[in-house]
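Below is one structure; the comments refer to it alone.
Start at 1 and go down the list; that is how both ligands and their atoms are numbered. Each residue takes its place number in the sequence, starting with 1. The structure presented is a predicted model; accordingly, all values stated were derived computationally and were not measured.
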Amino acid sequence: MVTPGLFITFEGSEGCGKSTQITYLRKYFEQINPLREVIAVREPGGTALGEKIRHLLQYENSHVSIVAQAELLLFAASRAQLVREVIRPALQRGAVVLCDRFLDSTTAYQGAARALNHDIVEVINTFATEGLLPDLTILLDLEVTLGRARVHQRSKKSAMIDRMEQESEAFYESVRKEYLNLASLQRKRWIVMDASLPPEQVAQNIIMKLQEKIECVK
Ligand code: TMP
């Protein structure tokens, strides 16, 4: 019998610690079943095309102006490629797919914070994903000021501030509000985690919640 794949996405504002938590969860899955394939991908990115789009969206700000509509379509283009080239085939092989952002990022950032038409965002999301939805979405929720302070620390080290990180506090408040709204509307799919706790504690809390929600995570 073929094991069904498991598709888990991570969402949250900048500085919420998604990549650290994905590393923890990946190790956990590899430990509970060393024979099961586990892959981690990110959005935008995860394919050759997607990584080019990521660079364009994040660091080309000094040369290229990107209007909100074009931004939406670029994120969708990266996602369309990732779903068909990587995520669907991996799920068909029975893998666990851990994805750093997915369609809910578009709903929160382009739909709510950029105030693009909600119905259009939804249609484009569905077109890009062929209707594929995560089995579970983990929201790493963090006060906006705390997230921004973490990003500031990080960018001092790397000397790189990306285009989105220059947005206002109000922009990030809308993102956070929309995430919490989405989570409250679809409680079965979403888990909301307090991302202000120490990373190991957040990881433990996530695993406890997963064990409650998903039969194969024991
Ligand atoms: P991150 O993955 O390092 O957080 O950076 C990705 C940035 O792109 C982040 O600012 C959120 C933003 N983003 C959108 O605005 N819409 C999307 O659909 C996705 C996937 C990301």
Please walk me through it: do Glu143 and Arg148 pass salt bridge (charged side-chain N to carboxylate O under 4.0 Å, His left out)? CA-CA 9 Å; Glu143 294 265 341; Arg148 284 168 79 83; over 6 Å; no
Is it the case that ligand 1 has an N or O less than 3.5 angstrom from some N or O of Arg54? yes
Please write down residue, atom name and distance for the protein heavy atom closest to atom 9 (C) of ligand 1. Glu14 OE2, 2.9 Å
Is ligand 1 less than 4.0 angstrom away from at least one heavy atom of Lys18? yes
Smallest separation among heavy atoms of Ile22 and Cys99, with atom names: CD1-C, 4.3 Å
Checking contacts here: is it the side chain or the backbone of Glu43 that comes within 4.0 Å of ligand 1, counting heavy atoms only? Could be both or neither. both
For the 3.5 Å polar cut-off, considering only N or O atoms, please tell me whether Asp100 and ligand 1 meet it. no
Which residue owns the protein heavy atom closest to atom 5 (O) of ligand 1, what's the atom, and how far is it? Gln58 NE2, 3.4 Å
Atom 16 (N) of ligand 1: nearest protein contact (heavy atom, Å): Gln110 OE1, 2.8 Å
Quick one: does ligand 1 sit under 4.0 Å from the side chain of Arg42, the backbone, both or neither, non-hydrogen atoms only? neither
Do you reckon Ile138 sits in the same ILVMFWY cluster as Leu6, going by side-chain contacts under 4.5 Å, direct or chained? yes
Return yes or no for this condition: an N or O of Thr106 is under 3.5 Å from an N or O of ligand 1. yes
Are the side chain of Arg42 and the backbone of Asp100 linked by a donor-acceptor contact shorter than 3.5 Å? no
Examine the proximity of ligand 1 to Glu71 and report which part, side chain or backbone, both or neither, has a heavy atom under 4.0 Å away. neither
Taking the ring of Phe7 and the ring of Phe102, is the distance between their centroids below 6.0 Å? yes
closest protein heavy atom to atom 1 (P) of ligand 1 is Arg101 NE, 3.6 Å
Shortest protein heavy-atom distance from atom 21 (C) of ligand 1, along with the residue and atom involved: Phe75 CE2, 3.3 Å
Hey, is Arg176 close enough to Glu169 for a salt bridge, meaning N to O under 4.0 Å? no
Treat each ILVMFWY residue as a node, draw an edge where side-chain heavy atoms are under 4.5 Å apart, and state whether Leu25 and Met208 are in one component. no
Side-chain donor/acceptor of Ser174 to backbone N/O of Ala170, under 3.5 Å: yes
